[in-house]
Amino acid sequence: MDITIHASSLPHDDPDASLVFYRDTLGFEVRSDVGKGKMRWITVGPAGQPGTSILLAPPAADPGVTEDERRTIAEMMAKGTYGWILLATRNLDATFAKVQASDAEVVQEPTEQPYGIRDCAFRDPAGNLVRIQELR
């Protein structure tokens, strides 16, 4: 089989703030932006990697989601326990400095983990955990 990861999805509750974080802070390209208001589906991805994307989507837009589930999703997003993604960079210190200079919440400064990975972590505007590993 020849299977690749084409896109991963993260929820957003403020599409404009998410755009600022993923486009302006992380430097991702905006591949598409459809819908209006808070009901926008935004696809972003790293420059030069057109086959890999993140879909930023309204979390409760699915008509099969119940009101109780919508409340649970909103509560989990507010606590930062609903969505997360793992990114990688060759220069973790420079990336950390750039993201730290934005309004992003720092969860963990660059740290050498006991399992051999050096990484840091932030929360995006929707509360999603964004971990960034250093490529070696």
Side-chain angles (χ1 to χ4, degrees):
M1 270 197 276
D2 181 18
I3 298 174
T4 62
I5 296 173
H6 177 68
S8 184
S9 179
L10 287 175
H12 75 70
D13 53 5
D14 183 338
D16 293 324
S18 291
L19 267 178
V20 168
F21 180 78
Y22 287 96
R23 180 193 59 209
D24 302 341
T25 302
L26 294 181
F28 286 174
E29 298 174 330
V30 176
R31 308 243 167 93
S32 68
D33 185 346
V34 297
K36 58 185 167 182
K38 290 194 176 243
M39 296 301 285
R40 284 168 57 194
W41 288 258
I42 304 164
T43 304
V44 297
Q49 297 179 44
T52 303
S53 299
I54 300 169
L55 172 63
L56 305 170
D62 185 331
V65 176
T66 67
E67 284 306 312
D68 284 343
E69 290 168 333
R70 281 184 175 81
R71 276 191 297 280
T72 299
I73 290 167
E75 289 169 4
M76 290 178 71
M77 285 177 66
K79 292 190 320 186
T81 59
Y82 188 69
W84 65 278
I85 193 163
L86 180 59
L87 306 175
T89 183
R90 295 207 180 278
N91 190 338
L92 185 64
D93 293 320
T95 301
F96 178 81
K98 182 174 182 183
V99 179
Q100 185 181 34
S102 74
D103 289 336
E105 175 191 345
V106 175
V107 175
Q108 175 198 299
E109 294 189 6
T111 302
E112 188 71 39
Q113 301 293 351
Y115 43 87
I117 299 295
R118 185 168 182 259
D119 68 354
C120 65
F122 296 91
R123 294 219 184 276
D124 76 1
N128 299 305
L129 183 66
V130 178
R131 294 198 74 81
I132 305 173
Q133 290 184 347
E134 184 172 58
L135 293 172
R136 298 181 179 174

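Numbering of residues begins at 1 and proceeds along the displayed sequence.
- Contact check for T52 versus I5: no side-chain heavy atoms found under the 4.5 Å cut-off.
- Atoms CZ and CD, from R123 and E105 in turn, are 5.5 Å apart once rounded to the nearest 0.5 Å.
- The local environment of CG in L135 is crowded, with over 12 non-hydrogen atoms from other residues, nucleotides or ligands closer than 6.0 Å.
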Exercise for review: Give the intermediate values and the outcome of side-chain contact (heavy atoms from CB on, under 4.5 Å) for residues V99 and V130.
Suggested key: CA-CA 11 Å; V99 179; V130 178; over 6 Å; no
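- The distance from atom CD of E134 to atom CZ of R136, rounded to the nearest 0.5 Å, is 5.5 Å.
- In this structure a side-chain-to-backbone donor-acceptor pair under 3.5 Å is missing from K38 to P15.
- Under a hydrophobic-cluster definition in which Ile, Leu, Val, Met, Phe, Trp and Tyr are linked whenever side-chain heavy atoms come within less than 4.5 Å, directly or via other members, L10 and L86 are assigned to different clusters.
- Atom CG of N91 sits about 11.5 Å away from atom CD1 of I132, to the nearest 0.5 Å.
- A distance of 8.5 Å separates CD1 in I73 from CE in M76, rounded to the nearest 0.5 Å.
- No more than 12 heavy-atom neighbours from other residues, nucleotides or ligands sit within 6.0 angstrom of CH2 on W84.
- Between the D33 side chain and the R40 main chain, no donor and acceptor come within less than 3.5 Å of each other.
- Between E109 and T111, the closest heavy-atom pair is O-OG1, 2.7 Å.
- In this structure, the side chain of H12 does not engage the main chain of L19 through any donor-acceptor pair within 3.5 Å.
- In terms of modelled atom types and a separation under 3.5 Å, the side chain of Q108 and the main chain of D119 share a donor-acceptor contact.
- Across every non-hydrogen atom of G48 and E29, the tightest pair is N-OE2, 4.2 Å.
- Looking at I85 and N128, their side chains never come closer than 4.5 Å, going by heavy atoms from C-beta outward.
- Among all heavy-atom pairs drawn from P11 and A126, the shortest one is O-CB, 3.5 Å.
- Counting only N and O atoms by type, the side chains of T89 and T95 include a donor and acceptor under 3.5 Å apart.
- P125 and D13 make their closest contact through O-OD1, 4.1 Å (heavy atoms, listed as atom of the first residue, atom of the second, distance).
- Residues Y82 and Y22 do not share a hydrophobic cluster, clusters being chains of Ile/Leu/Val/Met/Phe/Trp/Tyr side chains in contact below 4.5 Å.
- A side-chain donor-acceptor contact under 3.5 Å links R70 to the backbone of V65.
- From I42, atom CD1 reaches atom OG of S53 across 13.0 Å, with rounding to the nearest 0.5 Å.
- In the hydrophobic clustering of ILVMFWY residues, with side-chain heavy atoms under 4.5 Å counting as a link, V30 and W41 come out apart.
- Enclosure of atom CG in D93 by more than 12 non-hydrogen atoms of other residues, nucleotides or ligands within 6.0 angstrom is indicated.
- Atom CZ of R90 and atom CG of L92 lie 13.0 Å apart (nearest 0.5 Å).
- Put simply, the side chain of V106 reaches to within 4.5 Å of the side chain of F122, judged on heavy atoms.
- Hydrophobic clustering (side-chain heavy atoms under 4.5 Å, transitive across Ile, Leu, Val, Met, Phe, Trp, Tyr) keeps L56 apart from M77.
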